[in-house]
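Reading through the C-alpha cells given below for one structure.
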Amino acid sequence: MIQPLRGMKDLTFEESDRFVHIVKTAITVARSYGYNYIETPILEETALFKRSVGDSSDIVTKEMYQFEDKGGNDVCMRPEGTAGIVRAFVSAKLDRQPMKQKFYYYGPMFRYERPQKGRLRAFHQFGCESFGEASVYEDFTVIVMIGQIFDALGIGYDLLINSLGCQDCMPAYREKLVGFLTTIRSDLCEDCNRRISTNPIRVLDCKNEHCQAHLTDSPKLIHALCDSCDTDFNTLTALLDKAEIRYTVDTNLVRGLDYYNKTAFEFVSNEIGSQSAIAGGGRYDKLVEYLDGKPTPGIGFALGIERIMALVQMPRKQREGYYMGAMVPEAIDILLRLASRKRLEDKVTVEYNSKGFKSHMKGADKAHARYALLIGEDELANGTVWLKDLETKEEQSIRIDAL
RNA sequence: GUGGAUGUAGUUCAGUUGGUAGAGCACCUGUUUGUGGCACAGGUUGUCGCGGGUUCGAGCCCCGUCAUCCACCCCA
C-alpha cells in the first residue's frame with residue numbers, strides 16, 4: 001500500500017468539512033474588507049524566495065523543496081505565500097497603477113521540516129496582502145480583520161506586536177546591537193554567534209535560556225525607533241487600546257522572514273502545543289522594490305489552517321435532504337427521475353439496490369437524511385411515493401406528479 | 001538536523017515469565033419480508049509496520065529500517 005509522504009496528510013469527512021469552513025469564513029471576512037482572490041503557482045524560481053524571504057533565513061537555507069526541473073531551472077515549491085503574490089503583483093505591472101490593491105489567497109505551502117503537532121511538510125495557509133497603503137491605519141485594520149476571522153470561528157487567541165523599524169532606524173540599531181552582542185559573544189550559543197554576522201536581530205528571539213539570560217540588557221529596537229516609526233507604533237497601540245483589543249508588546253518578536261519592517265504581529269493560542277502561532281504577518285514596504293517593482297508599501301498576514309483546525313468546533317450536523325429507496329426493482333427508474341428533479345433544489349441520496357423497508361429506514365438514518373422517500377408495491381401500483389420526515393416523524397403518501 | 005515514546009482488526013486499545021491472536025466501538029444479518037436512532041442475539045475483519053537475527057517455537061528478546069506522536073529548533 002502506498003502511504004502519503006512524511007508530514008503530508010489527506011483530509012476527509014469531518015476534517016475536510018472543518019478545513020472548508022475555515023477557508024469560507026476567512027474569505028467572507030476578507031471580501032468584506034475589499035480583498036480579491038489571487039491564484040499563483042505553487043512552483044516558483046528559487047531566486048524569488050532567496051531574494052524575498054532571505055538568504056540567511058532558516059526557511060530558505062534548510063527547509064525548501066528545491067530541485068532542478070527537466071529544463072534545468074532551479075525551482076522550488078513555495079514555502080510561504082507572500083513572495084509569490086508580490087512576484088505576481090510585479091509581473092502584472094500592478095505596481096504602475098496608482099490604485100491600492102488587495103488580494104487574498106489560500107493553498108498548500110511546503111517546508112521540509114521534522115513533522116510535529118501543528119507542523120506538517122505540506123500545510124495550508126490563508127493569507128491577505130494589501131499593496132499601496134503606507135498608513136498605520138491599515139496595520140490596525142489588518143489586525144482587526146484577523147481578530148474578526150477568529151471571532152467568527154469562535155476561537156480565542158493572544159496578540160503579540162512589535163515594531164521592526166525601517167530603513168532609517170534599523171541600520172543604526174543593528175550596528176548598536178552587533179556592538180553589544182560582540183561584548184557578550186562568549187556567553188552566546190553557537191547559532192547566535194553565527195547570527196551576529198548573518199542576521200543579528202534573530203539573536204533576540206533565540207530560545208536558548210542561557211542566551212536569553214544574557215540578553216536582558218540588550219538594546220531594544222523599540223527604544224531606538226526613528227520619529228516616524230515611533231509615532232506609527234504609538235498610533236497603532238492607541239488604536240488597539242481604543243478598540244479594546246488586548247495585545248502584548250513583545251520586543252523579541254522577530255519574524256523569521258527578512259522582508260518585514262515596521263509593524264510585526266503574531267496571533268498565538270496556548271491550546272495547541274508548542275507550535276502555537278496561528279497567524280502572523282506584518283509590513284513589508286521594501287519587498288516590491290526588492291523584486292524589481294516600483295516602490296510600493298505593503299502589509300499582509302497568513303494564518304495556518306491546520307493549526308486552526310485543532311481549535312475549531314463544528315456545529316452539529318443537521319439532517320438534510322432526501323434518501324430515496326425502492327422495495328421493488330421496477331421502481332428504481334422512477335426514483336432516478338425523481339432524484340434528478342429534486343437535486344435542483346436539495347441534496348439527494350439514492351439507494352440503487354431494492355431491499356426491505358426496515359433496511360431502507362436504517363439506510364436513511366445512516367445517510368443523515370431529513371426525509372425518507374420510498375416506493376414499494378402499493379406505491380408503484382398507485383403512482384404515489386411514501387414520504388417520512390425523520391425529524392418530526394410525520395409521514396404521508398404523495399402522488400408522484402405532485403412532487 | 002537532535003532527543004524521547006509508540007507501531008497488533010476499519011478504529012481505540014489489551015495481549016501476563018517467548019507456546020501459532022482478543023475486547024469495546026464501527027460494520028453486516030436477524031429479533032413481524034412496511035417504520036430509523038435504543039436494546040438483544042449472531043456474524044465478518046488481522047502478512048501483530050517492514051527486513052534480518054536468536055530459539056524447537058517470536059506480537060513478546062536482539063539488530064536494522066520505515067512511519068507516527070511529542071519535545072528541541074523553526075514557524076503558520
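A, B, ... follow the sequence lines: proteins, then strands. Residue 1 opens every chain.
- Side-chain nitrogen and oxygen atoms of A/Lys358 include at least one within less than 4.0 Å of the OP1 or OP2 phosphate oxygen of B/rG36.
- In this structure A/Tyr322 satisfies the ring-ring contact (aromatic ring centres under 6.0 Å, His included) test together with A/Tyr371, sequence neighbours excluded.
- In this pair, A/Tyr284 and A/Phe131 present their aromatic rings perpendicular. The plane angle is above 60°, beyond the 30 to 60° band.
- Taking CD of A/Glu306 as the reference point, atom CD of A/Glu15 lies at 9.5 Å (rounded to 0.5 Å).
- Of the side-chain N and O atoms in A/Gln3, none sit less than 4.0 angstrom from OP1 or OP2 of B/rA67.
- Look at A/Arg114 and you won't find any side-chain N or O under 4.0 angstrom from OP1 or OP2 of B/rU2.
- Within the 4.0 angstrom heavy-atom criterion, no nucleotide atom of any strand lies near A/Ala364.
- Relative to the side chain of A/Asp378, the nucleotides B/rC69, B/rG34, B/rC73 differ in distance, and B/rG34 lies closest.
- Side-chain N/O atoms of A/Lys366 include one lying less than 4.0 angstrom from OP1 or OP2 on B/rC27.
- Contact annotation for A/Glu80: no contact, since no heavy-atom pair falls under 4.0 Å across all strands.
- In this structure, A/Gly280 reaches the sugar-phosphate backbone alone: every heavy-atom distance under 4.0 Å involves primed, P, OP1 or OP2 atoms, never a base.
- Contacts of A/Ile375 with the nucleic acid, taken as non-hydrogen atoms under 4.0 Å apart, are absent.
- Between A/Ser274 and B/rC70 there is no side-chain polar atom (N or O) within less than 4.0 angstrom of OP1 or OP2.
- Lacking a ring centre under 5.5 Å from that of the base six-membered ring together with a plane angle below 30°, A/Trp386 does not count as stacked on B/rG34.
- The gap from the C1' atom of B/rU45 to that of B/rU11 amounts to 12 Å, rounded to the nearest Å.
- Set against B/rC74, B/rA76, B/rA71, the side chain of A/Phe123 has B/rA76 as its closest nucleotide.
- Within 4.0 Å of A/Leu390, counting heavy atoms only, lies at least one base atom of the nucleic acid.
- With B/rC73, B/rG36, B/rA76 as the choices, the nucleotide that has an atom nearest any side-chain atom of A/Lys388 turns out to be B/rG36.
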